Amino acid sequence: MPSPSTSRRSLVTGANRGLGLEFVRQLLARGDRVIATCRQPGRAHALNQLVGEHPGRLHLLPLDVAAPKSHAELIRELPLVLGNGDGDGGGDRLDLLVNNAGVLHSGERFGKVAAETLDDSLRTNASGPFLLTQALAPWLADGGKVANLSSELGSIAGKDAFRTPSYSISKAALNMATALLARALADRGIVVLALHPGWVQTDMGGSGAEVAPQDAAAALLRVIERADAGDSGRFLDRHGMPMAW
Ligand SMILES: NC(=O)c1ccc[n+]([C@@H]2O[C@H](COP(=O)([O-])OP(=O)(O)OC[C@H]3O[C@@H](n4cnc5c(N)ncnc54)[C@H](OP(=O)(O)O)[C@@H]3O)[C@@H](O)[C@H]2O)c1
């Protein structure tokens, strides 16, 4: 296990359950210092237990990705948790940002799609991760990585039915945000990826889904680890294979 001064620093959004919680567990297991964020830290029981098990290596901060004001509050708190232990809180940067938080409003029908649902999906799944990455850019290490949890449902090429429109539109927008962020951060060597985890057994995916969250998170962390500058802006599945836009 790396020492605290050499360990990588990762930030995960929507870390209180599902894939986000699994990312946190596995990042801790590989020795990272982790900033886990979620909307209601006080109610994030599994995360609070992990904080107790990893003193000083896991920090829990509030973040609503859909609310830019909440991004600003997170950034105000960051120096307190990114410090390198010397007390000045400076110098340390994030090696990995996992834009994991997402929402899927099910049951939408053509003719009945509500503006609120579409707005919420866009704010949570697309503009939220885009604006958060932009706000965190000064805190990202040169050569760092940004992983955006996308979905095959955001693939325009793969669309064969009118299903989950708000989610699909927002994930397609996230894919464009990924391509744009990759260009914006290229000169700093920061790799930005859109990743499809597969159909995963979480509250969103349901218990009948194909992949365990442990396996999906492990596979995605391997893809992130292997990715280099040539992969930046790509849309990949958990095996590292390209997805159709
Ligand atoms: N599961 C799948 O089959 C699948 C497939 C493709 C892509 N994905 C993507 O993978 C990511 C994780 O999905 P999951 O399956 O773990 O979903 P999940 O079990 O429904 O968990 C979603 C997480 O996102 C958080 N979240 C939602 N809105 C938020 C907001 N405004 N601010 C902060 N956090 C917010 C939730 O927090 P609260 O507890 O506060 O609601 C929760 O922690 C998502 O981006 C999803 O679209 C999942």
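Counting convention: from 1, in listed order, for ligands and their atoms alike. These numbers come from a predicted model, not from an experiment. We use all heavy atoms of the structure for the numbers below, so side chains are in, but hydrogens, waters and symmetry mates are not.
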Do we see a donor-acceptor contact under 3.5 Å between the side chains of E108 and S166? yes

Can you confirm whether I75 is buried at CD1, in the sense that more than 12 heavy atoms of other residues, nucleotides or ligands lie under 6.0 Å from that atom? yes

Audit row: R30, E225, salt bridge (Lys or Arg N to Asp or Glu O under 4.0 Å) steps and yes/no: CA-CA 12 Å; R30 79 175 191 188; E225 187 73 20; 3.4 Å; yes

At less than 4.0 angstrom from any atom of ligand 1, which residues have a non-hydrogen atom? List them by chain and residue number. G14, N16, R17, G18, L19, R39, L63, D64, V65, A66, N100, A101, G102, T124, L149, S150, S151, Y167, K171, H196, P197, G198, W199, V200, T202, D203, M204, G205

When you compare the side chains of S70 and D64, does any donor N or O come within less than 3.5 Å of an acceptor on the partner? no

Output side-chain donor-acceptor pairs under 3.5 Å for residues 186-199, partner residues at least two apart or in another chain, one line each.
from	atom 1	to	atom 2	distance (Å)
R188	NE	D142	OD1	2.9
R188	NH1	A137	O	3.0
R188	NH2	A137	O	3.3
R188	NH2	L140	O	2.5
R188	NH2	D142	OD1	3.3
H196	ND1	E152	N	3.1
H196	NE2	G198	N	3.4
W199	NE1	G205	O	2.9

Verify the neighbour count for atom CZ of R109: are there more than 12 heavy atoms of other residues, nucleotides or ligands below 6.0 Å? no

